[in-house]
Visitor: 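Got a structure for you, written out below as structure tokens; questions coming shortly.
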2 protein chains.
Amino acid sequence: MSESLGQFEQIILTAILSLRDEAYGVTIHEKAVQLATPRKISPGAVYITLDRLEDKGLISSWLSDPTPERGGRSKRFYRLEALGERALEESAATARRVWETVAEIWGDVAEGVRRRPKWSPARPR
Amino acid sequence: MSESLGQFEQIILTAILSLRDEAYGVTIHEKAVQLATPRKISPGAVYITLDRLEDKGLISSWLSDPTPERGGRSKRFYRLEALGERALEESAATARRVWETVAEIWGDVAEGVRRRPKWSPARPR
DNA sequence: CCATTTGCCATACATTGTTGGTGAAATCAT
DNA sequence: ATGATTTCACCAACAATGTATGGCAAATGG
């Protein structure tokens, strides 16, 4: 019954984890944008994904009191549940394997160092 | 126009890349299983995903001649196209950010070293 | 020539991801 | 106090992706 997260779900869980106790819609969206650049992410996509993750028991949420800032209405905070931690752990391990496999061949892509291989795949017609 | 790969598509592209000129259905499936453990992956899932990736122009394929092994019928080989390389590059960079973010908090998950944080998120009711 | 092996592919369905919004609650300026 | 602005939550409808299951074809060995 392991959960096998989708790409977006993985990003959302990672955002929640890294935001610790400051994880609510807006901050989660911002963090997700950072993680996924240059992909575009809409706020709505974040909220519906949060709903589904909560339905599955991977995260839980509660409403805060409003804060005394301009426009500061009450926020819905999120945290990982045990199930979500396990799913993310597994999923992050896969992300690592993917990243390492790619890096072995192309070099450190995130640093823009993309080395090109010397071989060229045979491609008969 | 950026392609924003799904999780599975990312795995398949990574498998093709790492298999260089030995990338066909069966080997791609095997590699995908390694990358995604402990997730289960069916061969059928691999083939349909290959079809869709080819439709989108991320990969291309051609049929080989049969090999002289028992049951060795002709294979459909795959290679990354330029579009697929760019999509994978971008997607791998995201995978890296996810993994690093998680690793910063939990430690090296893939090595099973999972350190626990000292704080515990406040969770009002 | 038939059982076995290797491999490709289709159908049908379930789950995820995206777009493009709506509208509430709070503060600020006038 | 009323209208503009900001912060934030959420929804509906759809598009894209992922999974399960199983069939079929081509080659070889006996």
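Order of the sequence lines fixes the chain letters, A, B, ..., with proteins taken first and strands second; residue numbering starts at 1 for each chain. What you see below is based on every heavy atom in this structure, not just the backbone, and it leaves out hydrogens, waters and symmetry mates.
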Visitor: Counting just side-chain N and O atoms, does A:Tyr24 come under 4.0 Å of either OP1 or OP2 of D:dA9?
Guide: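 A:Tyr24 to D:dA9 OP1/OP2: no side-chain N or O under 4.0 Å.
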Visitor: Which whole-number value in Å describes the distance from A:Glu54 CD to D:dA9 C1'?
Guide: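 Distance, rounded to whole Å: 13 Å.
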Visitor: Without decimals, in angstroms, what is the distance between B:Gln7 CD and C:dT15 P?
Guide: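 So the CD-P distance, B:Gln7 to C:dT15, works out to 17 Å.
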Visitor: Any protein N or O atoms within reach of nucleotides 10-13 of chain D? Criterion: under 3.5 Å, listing atom names and distances.
Guide:
residue: D:dC10; atom: OP1; partner: A:Arg76; partner atom: NE; Å: 3.4
residue: D:dC10; atom: OP2; partner: A:Arg76; partner atom: NE; Å: 3.3

Visitor: Would a 4.5 Å heavy-atom cut-off, applied to side chains only, mark A:Ser91 and B:Gln7 as touching?
Guide: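 Heavy-atom side-chain distance check passes, below 4.5 Å.
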Visitor: Can you name the salt bridge (Lys or Arg N to Asp or Glu O under 4.0 Å) partners of B:Lys31, sequence neighbours left out?
Guide: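 B:Lys31 satisfies salt bridge (Lys or Arg N to Asp or Glu O under 4.0 Å) with no residue once adjacent residues are dropped.
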Visitor: Taking side-chain contact (heavy atoms from CB on, under 4.5 Å) as the test, write out the residues that go with B:Thr14, two or more places apart.
Guide: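 For B:Thr14 the side-chain contact (heavy atoms from CB on, under 4.5 Å) partners, ignoring immediate neighbours, are A:Val98, A:Thr101, A:Val102, B:Gln10, B:Leu35, B:Leu88.
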Visitor: Can you list everything that forms a side-chain contact (heavy atoms from CB on, under 4.5 Å) with A:Thr49? Sequence neighbours excluded, please.
Guide: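 side-chain contact (heavy atoms from CB on, under 4.5 Å) check on A:Thr49 returns A:Phe8, A:Glu9, A:Ile12, A:Leu53.
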Visitor: Calculate the interatomic distance between B:Leu13 atom CG and D:dG18 atom P; express it in whole Å.
Guide: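 Computing the B:Leu13:CG to D:dG18:P distance gives 10 Å.
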Visitor: Please tell me which of the listed nucleotides, D:dT21, C:dT19, D:dA9, lies nearest to the side chain of A:Ser42?
Guide: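 When the side chain of A:Ser42 is considered, C:dT19 is the closest of D:dT21, C:dT19, D:dA9.
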Visitor: Give me each pair satisfying ring-ring contact (aromatic ring centres under 6.0 Å, His included) with a member in residues 20-42 of chain A, each pair once, sequence neighbours excluded.
Guide: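 For residues 20-42 of chain A: A:Tyr24-A:Phe77.
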Visitor: So, using side-chain contact (heavy atoms from CB on, under 4.5 Å) as the criterion, who are the partners of B:Ile48 when residues are at least two apart?
Guide: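 Testing B:Ile48 for side-chain contact (heavy atoms from CB on, under 4.5 Å), a comparison that skips the adjacent residues, returns B:Arg52.
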Visitor: Using the side-chain contact (heavy atoms from CB on, under 4.5 Å) definition, which of the options A:Ile16, A:Leu5, A:Leu50 pairs with A:Leu58?
Guide: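 Testing A:Leu58 for a side-chain contact (heavy atoms from CB on, under 4.5 Å) against A:Ile16, A:Leu5, A:Leu50 leaves exactly one candidate, A:Leu5.
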Visitor: Between B:Asp65 (CG) and D:dA25 (C1'), how many Å, whole number?
Guide: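 In whole Å, D:dA25 C1' lies 17 Å from B:Asp65 CG.
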Visitor: Rounding to an integer number of Å, can you tell me how far B:Leu58 CG sits from D:dA16 P?
Guide: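 Whole-Å distance recorded here is 14 Å.
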Visitor: Would you please confirm or rule out a distance under 4.0 Å between OP1 or OP2 of D:dT17 and any side-chain N or O of B:Lys56?
Guide: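 Indeed, a polar side-chain atom of B:Lys56 lies that close.
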Visitor: Judged by each residue's nearest nucleotide on DNA chain C, which is more toward the 5′ side, A:Phe8 or A:Ser74?
Guide: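 It is A:Phe8, whose closest nucleotide lies nearer the 5' terminus.
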Visitor: Could you tell me how far apart B:Phe77 (CZ) and C:dC9 (P) are, to the nearest whole angstrom?
Guide: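 These atoms are roughly 13 Å apart.
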Visitor: Taking only side-chain nitrogens and oxygens of A:Arg39, does any of them come within less than 4.0 Å of OP1 or OP2 of C:dT18?
Guide: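 Answer yes for this pair, as a side-chain N or O of A:Arg39 is under 4.0 Å from OP1 or OP2.
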Visitor: Could you state the CG-P distance from A:Asp55 to C:dT15, rounded to the nearest angstrom?
Guide: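 The distance from CG of A:Asp55 to P of C:dT15 comes to 12 Å, rounded to the nearest Å.
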Visitor: Roughly, in whole Å, what's the span from NE2 in A:His29 to C1' in D:dT7?
Guide: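 The distance from NE2 of A:His29 to C1' of D:dT7 comes to 14 Å, rounded to the nearest Å.
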